[in-house]
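Here it is, the structure in full.
Bear in mind the structure is a predicted one, so any value in this text is a computation, not a measurement.
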Amino acid sequence: MFGLYITHPQVQIDPAVPVPKWGLSEIGYARAEATARQSWVRTLGRIVSSDETKAIETANLLAGAAGVAIETDDTMGENDRSATGFLPPPEFERAADWFFANPNESFNGWERAVDAQARISAAVFRILDEHDAKIPIAFVGHGGVGTLLKCKLGGTAISRSADQKGGGGGNLFAFRLADRALTCDWTPMEFWQGVTAT
C-alpha cells in the first residue's frame, strides 16, 4: 500500500503570533476541504500530524473524511527557526535557499538541515516500522522537513531543487510502504488521483 507526506496549505500569516501557532487561511481551508472530498482520502487508515496548528487543522479535515482520529507527534515539526523569529517572505525565501544550500551549517541559529532531516526521518521511520504496511497512511506536516524527508527516501543530497514549488504549500508526495520508494513527486494535494497499484 501507499504512504503520503502532505504539507499544510496556505496559512494566515501574523507576525505577532508564533509561527507554530499559525492557522490555515481561508484559501488553505478551502484547499484542505477540497482534498478531503477526494476518494483516496477515504482509504486512509491512519493519519499522523505534527503538533503545530496548521498541520493539525489540515489533518483534522482529512481525518473527518477518512473516519479516523489523528495522531500527533511532536518530533515531526518544521525546522526550528525560532532564533530569527518571523521573516518577511522575500527575506525568508533567501534564508531558506541558504538553509538548503548549507545543510551542515546553521542559518543565524536555525536548526541545521542535516539535524532536521535526521529528526523527521527518525519520526516517520519509527512510525512506519510498527505500522501495518497493508494500511494506507498519511503524514501531515511542513514543507521544509517534508523536502528533507523526500530527499532521504529518494537517496538524494539535500537540495532546494527537491522542494515544493511556490504557492503556499498544500502538496504531497507518495511512496510505497513495502520498500519506501517514492512513487510521485510533489503534487497539489487536491489534484492527486491516488494510486491503483501499490
Side-chain angles (χ1 to χ4, degrees), residues 1-14 17-38 40-83 85-86 110-113 115-153 164 168-175 177 180 186 189-190 192:
M1 282 294 168
F2 65 90
L4 299 171
Y5 187 91
I6 304 171
T7 67
H8 65 80
Q10 286 87 342
V11 299
Q12 188 66 47
I13 296 173
D14 185 347
V17 174
V19 173
K21 300 297 185 185
W22 286 355
L24 296 178
S25 68
E26 186 174 331
I27 292 172
Y29 266 111
R31 292 188 63 203
E33 288 171 339
T35 303
R37 292 192 291 271
Q38 298 299 311
W40 59 263
V41 175
R42 295 189 295 277
T43 72
L44 295 173
R46 194 172 178 193
I47 298 175
V48 185
S49 174
S50 101
D51 65 353
E52 296 170 72
T53 302
K54 48 196 171 280
I56 289 174
E57 290 176 348
T58 304
N60 275 328
L61 288 168
L62 301 178
V68 299
I70 71 165
E71 303 167 46
T72 59
D73 189 311
D74 63 4
T75 64
M76 282 179 49
E78 185 61 290
N79 59 302
D80 184 355
R81 307 190 298 263
S82 57
F86 173 77
W110 283 17
E111 180 181 21
R112 299 184 308 162
D115 297 327
Q117 183 183 59
R119 176 174 53 76
I120 187 65
S121 300
V124 169
F125 293 172
R126 170 178 44 80
I127 292 165
L128 291 176
D129 284 345
E130 52 81 32
H131 178 72
D132 183 346
K134 296 187 291 294
I135 299 173
I137 183 172
F139 296 90
V140 182
H142 314 277
V145 291
T147 297
L148 297 172
L149 175 65
K150 179 171 165 272
C151 291
K152 182 74 170 180
L153 290 170
Q164 305 175 96
N171 295 289
L172 62 79
F173 65 78
F175 57 94
L177 292 180
R180 302 181 188 175
W186 290 119
M189 61 185 190
E190 65 268 47
W192 191 60

Review point. Donor-acceptor pair, Glu57 side chain versus Tyr29 backbone, under 3.5 Å?
Key: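 Absent.
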
Practice item. Could you go through the side chain to side chain contact (heavy atoms under 4.5 Å, CB included) check for Phe125 and Leu149 one step at a time? Key: CA-CA 10 Å; Phe125 293 172; Leu149 175 65; 4.3 Å; yes

Check your understanding: Which atoms form the tightest heavy-atom contact between Leu148 and Ala113, and what is the distance?
Key ->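 Leu148 and Ala113 have their closest heavy atoms at CD1-O, 3.6 Å.
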
Practice item. Please report the shortest heavy-atom distance between Ser121 and Lys152, naming the atom on each side. Key: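 That would be OG-CG, 3.5 Å.
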
Exercise for review: First locate atom CD of Gln117, then atom CG of Asn79, and finally report the distance between them rounded to the nearest 0.5 Å.
Suggested key: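 Atom-to-atom, Gln117:CD and Asn79:CG are 12.0 Å apart.
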
Practice item. Determine yes or no for a side-chain-to-main-chain donor-acceptor pair under 3.5 angstrom, with Arg119 supplying the side chain and Val145 the backbone. Key: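 Here the side-chain-to-backbone pair does not exist.
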
Review point. With Met189, which of Ile6, Val140, Thr7 fulfils side-chain contact (heavy atoms from CB on, under 4.5 Å)?
Key: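 The single option meeting the side-chain contact (heavy atoms from CB on, under 4.5 Å) with Met189 is Ile6.
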
Check your understanding: With a cut-off of 6.0 Å (strictly less than), are more than 12 heavy atoms of other residues, nucleotides or ligands near CG of Leu128?
Key ->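 Yes, enclosed.
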
Exercise for review: Over all heavy atoms of both residues, which pair between Leu62 and Ala32 is shortest? Give the atoms and the distance, please.
Suggested key: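 Smallest heavy-atom distance, with atoms named: CD2-O, 4.2 Å.
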
**Study point:** Stepwise salt bridge (charged side-chain N to carboxylate O under 4.0 Å, His left out) check, Asp129 with Arg180
**Key:** CA-CA 11 Å; Asp129 284 345; Arg180 302 181 188 175; 2.6 Å; yes

Check your understanding: For the side chain of Trp22 and the backbone of Asp14, is there at least one donor-acceptor N/O pair under 3.5 Å apart?
Key ->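 Yes, Trp22 side chain to Asp14 backbone: donor-acceptor pair under 3.5 Å.
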
Check your understanding: Do Lys54 and Val19 have side chains that get closer than 4.5 Å, going by heavy atoms?
Key ->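 Yes, close enough: below the 4.5 Å cut-off.
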
Review point. Quick one: CZ on Arg46 to CD1 on Ile70, what's the gap to the nearest 0.5 Å?
Key: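 These two atoms lie 12.5 Å from each other.
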
**Study point:** Passing option when Phe2 is tested against Trp192, Phe173, Trp40 for ring pair (Phe, Tyr, Trp, His ring centres under 6.0 Å)
**Key:**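 So the option named by the test is Trp192.
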
Point to revise | Passing candidate, side-chain contact (heavy atoms from CB on, under 4.5 Å) with Ile137, options Ile127, Leu44, Leu4, Val68 | key: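 Among Ile127, Leu44, Leu4, Val68, the one that satisfies the side-chain contact (heavy atoms from CB on, under 4.5 Å) with Ile137 is Ile127.
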
Check your understanding: Taking atom CG of Asp73 and atom CZ of Phe139, what is their separation to the nearest 0.5 Å?
Key ->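 That separation rounds to 9.0 Å.
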
Practice item. Heavy atoms only: give me the nearest Arg31-Pro9 pair and the separation to one decimal. Key: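 So the two residues come closest at NH1-CB, 4.0 Å.
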
Check your understanding: If you look at every heavy atom in Met76 and His142, which pair is closest and at what distance?
Key ->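 Where Met76 meets His142 most closely, the heavy atoms are O-CD2, 3.9 Å.
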
Point to revise | Closest non-hydrogen atom pair, Met1 against Pro136 | key: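 Smallest interatomic distance, heavy atoms only, reads SD-CG, 4.0 Å.
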
Review point. Out of curiosity, Glu71 CD to Asp51 CG, how far, rounded to the nearest 0.5 Å?
Key: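 Answer for the CD-CG pair, Glu71 versus Asp51, is 13.5 Å.
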
